[in-house]
Structure formats: C-alpha cells, structure tokens
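Both counts, for ligands and for their atoms, begin at 1 and track the order of listing. The figures here come from the full heavy-atom set of this structure, side chains too, leaving out hydrogens, waters and symmetry mates.
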Amino acid sequence: MADIEPVANEKTFEIKQSQTDGEIIAEVTADIATCKDCLNELFDKNNFRYRYPFINCTNCGPRYSIIKTIPYDRPNTTMSAFAMCDKCKEQYENVEDRRFHAQPVACPACGPKITLCDKTGKKIENKSDKVISETIRLLLEGKIVAIKGLGGFHLACNAENDEAVKTLRLRKMRDYKPFAMMAANIKKIKQFAVVDKKAKDVLQSIQAPIVLLPKKEPNTIAPSVAAGVNTFGFMLPYTPLHHLIFAEKKLNALVMTSGNISDEPLICKDDEAIEKLGNIADAFLMHDREIYRQVDDSIVHIIKNELVLLRRARGFVPQTFISKNSASADIFAVGADLKNTFCFVKQNRFIISEHIGDMADASVYKHWLGSIEHLKKLIEANPSVVVCDAHPNYFSSQYARKLKKDKLIEVQHHWAHIASVLAEHNINEKVIGLVADGTGYGNDGAIWGCECLIASLNDFQRFGHLAYYPLAGGDSAAKEAIRPIMGLMKKYNLSIPENILDEIEPDGKKRQTIEQQIEKNINTVQTSSLGRLFDAAAALCGLGSCNNFEAQLPMALEAIADKQVKESYLFALKENGVTTAEIGDMLKNIIEDKLNGTDRKVIAAKFHNTIAEFFFMLAKKAQDKTRIKTVAISGGVFCNRFLSERLIELLQKVGLTVLFNWLVPANDGGISLGQAAIAAKKMNKNKQD
Ligand code: ZN
Ligand code: ZN
Ligand code: FE
C-alpha cells in the first residue's frame with residue numbers, strides 16, 4: 001500500500017482560475033480519478049468493497065462518460081442496469097455518508113464486474129482477483145491486453161519490454177508516434193523522467209492527465225516507446241482497476257495507448273472492441289459497466305510552471321467556463337477540422353466539448369455529429385447563432401453553412417486562436433496577438449501561419465507576418481519537407497548542394513515536378529506557415545524528411561535543440577504596409593553551418609532563437625506603434641516548449657504582459673472557444689464594453 005499514491009483532492013482548475021477573472025462552474029461534472037478515501041477502502045480487508053474494481057464515491061468515479069441524459073440521476077446513466085443492494089442503498093440515501101447521491105455507487109454484491117476474455121471475446125476468467133493476476137501474467141509475458149477503462153479501451157503492454165512494444169506498433173500500424181504510459185506511482189515515474197513539484201501536483205490532480213515530462217537518461221523504458229522526442233508521456237492510475245493492477249508491484253510502467261484504429265475515434269463499446277482490436281490484443285480485460293461517451297485521456301505539459309493543455313478531454317470535460325460577456329442568444333461554434341472541439345454558449349456560460357479528432361476521417365466526422373447532439377441535449381442548448389472557420393473547404397465550416405440558423409459568423413483561423421486566449425483571460429481590450437501555427441485560411445486567400453495581429457474580440461488587423469513563400473502539393477505539403485524547402489529556395493534564391501537535397505528527397509524527378517509546380521504556380525499556394533518552416537529546418541538538420549505523424553519533424557528539432565545556446569541567425573523585418581519577416585539570411589546560414597559541420601544541436605537552438613526573436617521584434621514594433629502592452633500568444637507551434645519559453649522571456653524582459661492558453665490547447669483544439677468568444681462579444685447583452 002505504501003507505494004500507492006492517491007490523487008490529491010485538489011482541483012487544478014479552481015487553483016488556476018483564481019488567477020483570472022473567470023470562474024468555473026460544474027453542472028454535469030467530469031470523470032474524476034479515484035479519491036484517497038476510496039483507495040483506502042479498496043485495500044482495507046475489512047471493507048465490503050475490498051479489492052472491488054468499481055469502488056467510487058461523491059468525490060470520484062465516472063460521470064460524463066456514463067451520462068445518457070439529464071438530470072444526472074442513476075436511471076439516466078449506464079448504471080441503471082444495476083439495482084443497488086441494501087448496503088449500497090443505505091449509503092446512497094444517507095446525507096451524512098460520503099456516498100450520498102453518488103450515482104455510480106456499487107459493490108461486489110450488486111455492481112459491475114470484470115472478466116478476462118480471449119481475443120475473440122470468449123470469457124476465460126471471471127473471478128475478480130484471478131482476472132487481475134492473469135492480466136498481470138499476460139502483460140509480464142509480453143502480451144498485449146485491451147483494457148476497458150473509464151472513457152474507452154486502452155491497448156496495454158509492458159513498457160519495459162521492447163519486443164512487446166514493437167509488436168504493438170506493428171499490429172496497430174503505428175510506426176513512430178510516441179505512446180503514453182501509466183506508471184505505478186510518482187517514485188517510479190521519477191526513475192524514467194524529471195518530475196518537479198508542479199508536474200507532481202498535476203500528475204496527482206483529480207483530472208490525472210498524461211503529463212509530458214523530460215526524459216531521464218539512461219532509463220529502462222523500451223526505446224520504441226517514444227523515439228525522436230525528448231519527453232515521456234506519463235499518467236498515474238486513475239481507476240480502482242488500474243490501482244489493483246499496479247498494487248501487485250510486478251509492473252513498473254505500462255504503455256497505455258488509445259484503443260482505436262489509426263485516426264478513428266476511441267473505441268468504448270465491447271462489440272466494436274472485439275471486432276476491431278481483436279487483431280491487435282491477445283486478450284481483453286472487460287467489464288460490464290457500459291461507457292456511454294468515449295473520452296480520451298487528456299494530455300498536458302508544463303510551460304513556465306503553468307499547466308498547459310495539449311488535448312482537453314477526460315477530467316476536464318464538460319466543465320463550464322464563465323465569461324463576462326453574456327450572449328443574447330445561444331451560440332454553437334463548430335471549431336476547426338484538425339484536433340476538433342466544438343463549443344456551446346448559453347448566456348455567459350461556455351461549454352467546450354472533449355477532443356474529437358481530425359475530421360478528414362469519415363468515422364470521426366460521424367462521431368462529431370453524434371457528439372454535438374449529445375452535448376447539446378445535455379446542456380439544453382438551443383443555438384440560433386453558428387460560428388465557423390472562414391476556410392472555404394473545412395468540413396466543419398461546410399456543415400455550419402448548411403445549418404441555416406438565424407446568424408452565421410465566419411471567423412479567420414488565427415484571430416480565433418488569439419480570441420481563445422482573450423476568452424480564457426476574460427479580456428475585452430486590444431492585444432498584440434502572436435500566432436505560431438501550421439495552416440489557416442487567410443483573408444487574402446493565402447495560407448497564413450506565422451502572424452502578428454492587433455486583435456480584440458471585436459475585430460483584428462494583420463500587423464505583420466512571416467514573408468510568404470510558395471508551397472506546392474496540397475495535402476502532402478504538410479508531410480514532405482522537400483516541398484517547403486523548395487518553396488523557400490525559390491523565394492530566397494537559395495542554392496542547396498545536390499547531396500543535401502538527395503538526402504531529403506532522393507527522387508530527382510519528383511524534385512523537378514515540385515520545382516515546375518512552383519514555377520508555373522500549379523497546385524501551389526502562398527503561405528506564411530511556421531509549421532512548414534520547422535519541417536524544412538528539421539530536414540536540413542538531417543532529422544528526417546517526412547512527418548509520419550503530425551509535427552514529427554518539428555518535435556525532433558525541438559528535442560535536439562541545446563538550451564545553453566543563446567545565439568541566433570540573421571533575419572530582416574521589411575516594411576510594406578504590413579511588416580514581413582524575411583528569413584533568407586537565416587536559411588543561408590543554416591546551410592553554411594551544416595556544411596561547416598556545426599553540431600545540429602546548435603543549429604536547432606539557433607533556429608528556435610531566431611523565430612523567438614523575430615516574433616519579439618514584431619511585437620516590439622507593434623507596441624511602438626499602438627502602445628499596447630499585452631501580448632497574447634497561441635497556435636499549435638507554441639506547443640513547442642523551447643520556442644514558447646524563450647519568447648515569453650524576451651517579451652517579459654521588456655515589461656510586456658504575456659498571456660497564453662491555459663484552459664484550452666494552443667493548437668486547433670482551442671479554436672472553438674475563440675470562435676465562440678468572438679460571437680458572444682457580437683451578441684453581448686452588456687453593451688458597455
Ligand atoms: Zn472516492
Ligand atoms: Zn451494493
Ligand atoms: Fe491553427
């Protein structure tokens with residue numbers, strides 16, 4: 001028992017919120033990690049719920065994932081299938097009891113049970129303790145077990161067994177993307193990664209998210225868990241079942257990756273799991289408490305000692321955010337097409353959905369439609385105003401345009417990014433907005449990505465941006481680094497030695513085609529994308545030539561960048577109505593450094609420093625012109641800690657106030673909040689602002 005650490009009974013959210021003007025109210029509450037009291041009972045031989053995998057109370061357990069409809073009462077949850085026994089009922093009805101009106105209350109006599117099934121779904125064991133010991137045995141043997149959890153299935157294997165992890169990669173057809181892990185306790189995580197005080201608090205919070213932590217080297221985690229990045233994603237056990245598995249002290253860390261097929265939604269239903277995961281898992285650890293809504297694990301990291309969300313889902317959803325703007329009509333913001341979340345506004349209450357995924361996948365789109373209906377019903381929203389991205393071809397925007405509500409508002413992508421920060425911090429004034437992003441549709445038809453805006457919730461102006469370069473190839477432009485490289489070569493008249501280009505794209509014919517496309521402006525866009533510039537820099541550093549998963553190359557570049565290096569490359573700001581950052585000199589210097597044999601750790605750091613500096617210079621210029629002293633930063637590329645921290649330092653050093661995303665991700669997961677905030681401001685009943 002000594003090694004088992006309960007999650008602390010503190011609310012990360014409320015602590016954070018006390019630093020802003022906003023407040024959080026919870027109506028339908030989020031799923032919460034097992035509390036300390038329940039954990040004590042779980043391992044107390046004299047308690048009638050001793051070793052019961054579904055122990056919970058008013059302070060912990062499933063909520064959002066089991067609610068079918070409101071009000072939040074047992075008959076409206078998937079627990080309606082279980083009739084309470086007398087003992088449970090007594091606690092449920094006793095005002096003095098910790099389980100007073102705890103809707104999922106249950107015990108071994110009356111509640112859900114676990115079973116172990118083979119990969120065809122055939123039961124092989126149903127005695128609770130035997131199920132757990134068998135599961136552990138299989139995992140120690142190097143087998144893959146699909147474990148039904150709180151918000152869906154996990155695919156689990158021993159994280160210290162490289163053979164097992166490689167098998168999982170092979171069967172899941174996931175070659176590179178890092179896997180998340182669950183470890184027994186903080187002490188174990190500390191053997192593998194750096195855990196400071198803040199990280200420890202977040203790991204032990206009631207949300208119990210996956211926290212990205214700097215790797216410790218050497219470590220005993222299988223190399224194939226997270227190659228090419230400098231962090232491990234760890235979470236602590238957050239259900240009684242997880243605690244029972246780790247309490248045997250046989251496993252140090254498990255890979256716990258989402259039970260799904262490639263980019264499809266997380267699987268939460270038993271039949272679908274057996275059908276789709278049967279080829280991946282050797283066995284299923286099942287239970288008979290139905291999961292009504294799938295909810296992924298949340299992912300966070302820590303920037304400047306603040307918790308920053310990368311994926312907002314379990315534990316955080318559907319907490320409501322209160323704004324000082326109160327909308328006169330209900331609003332529905334559809335979000336963006338990548339990392340989609342959507343958001344409803346009811347008066348001054350903002351309710352943001354869980355992470356949905358990337359809309360290009362048909363099953364995600366279908367799941368999105370169902371999720372909209374579910375949340376709408378749950379919070380009784382009746383939107384007459386719809387907000388979407390201004391992108392002509394986003395699936396989400398096309399859907400919004402077809403809805404034919406009273407009012408349709410289209411919002412430029414990067415304005416929505418900055419608005420998400422303004423919404424979180426409850427700010428109506430103008431700020432300098434710095435956006436570091438992959439792609440977003442710009443007002444001029446170009447693909448924007450690296451922007452300096454003067455923005456409020458009322459409007460925005462484009463103050464400056466990374467100078468446009470041509471990018472050929474539509475969707476493959478976000479994957480193949482040769483495309484931005486050739487666009488940048490053309491824009492800045494660069495010559496790159498043939499052997500370097502050969503390393504990145506050995507197919508000379510293909511390079512020629514790209515060159516011609518750029519030359520003739522076929523299938524080519526003008527872009528200020530920063531994400532693609534990162535791809536180019538990473539490839540020039542020899543870190544690969546393709547994003548096998550989103551941001552693989554930029555993450556590899558961040559991973560090697562040497563934090564001790566403070567130097568940067570040359571760049572120029574050019575005035576032409578708007579200010580543009582010209583980076584031809586930087587690219588020339590990168591190629592020179594490479595030819596001189598400069599360590600790529602140094603090149604990577606100098607590149608990051610240059611980007612931070614030109615953002616800083618743009619902000620300084622904007623400040624000189626407008627006298628605005630607050631800078632908001634957002635956009636997916638700011639998920640890069642090196643870049644964010646360096647830029648924040650530069651801005652703070654000259655006395656500027658820096659705001660960044662806390663409640664929603666800086667990536668496109670935050671777009672729906674920004675869209676909703678802009679619409680709510682337009683529909684604001686309090687006209688004094
Ligand atoms: Zn509890
Ligand atoms: Zn009972
Ligand atoms: Fe974006």
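- Vertex the Zn ion (ligand 2); arms to Cys107 atom SG and Cys110 atom SG; angle 110° (nearest 10°).
- In this structure, Leu557 and His608 have side chains that are in contact, with non-hydrogen atoms separated by less than 4.5 Å.
- To the nearest 0.5 angstrom, Arg51 atom CZ is 10.5 Å from Leu241 atom CG.
- Between His417 atom NE2 and His413 atom NE2, the angle centred on the Fe ion (ligand 3) amounts to 90° (nearest 10°).
- Salt bridge status for Glu41 with Arg99: present, with a side-chain N to carboxylate O gap under 4.0 Å.
- Shortest non-hydrogen contact noted between Ala679 and Ile409 is CB-CD1, 3.8 Å.
- Rounded to 10 degrees, the SG-metal-SG angle spanning Cys38 and Cys57 at the Zn ion (ligand 1) equals 100°.
- Centred on the Fe ion (ligand 3), the angle running from Asp437 (OD1) to Asp668 (OD1) is recorded as 120°, rounding to 10°.
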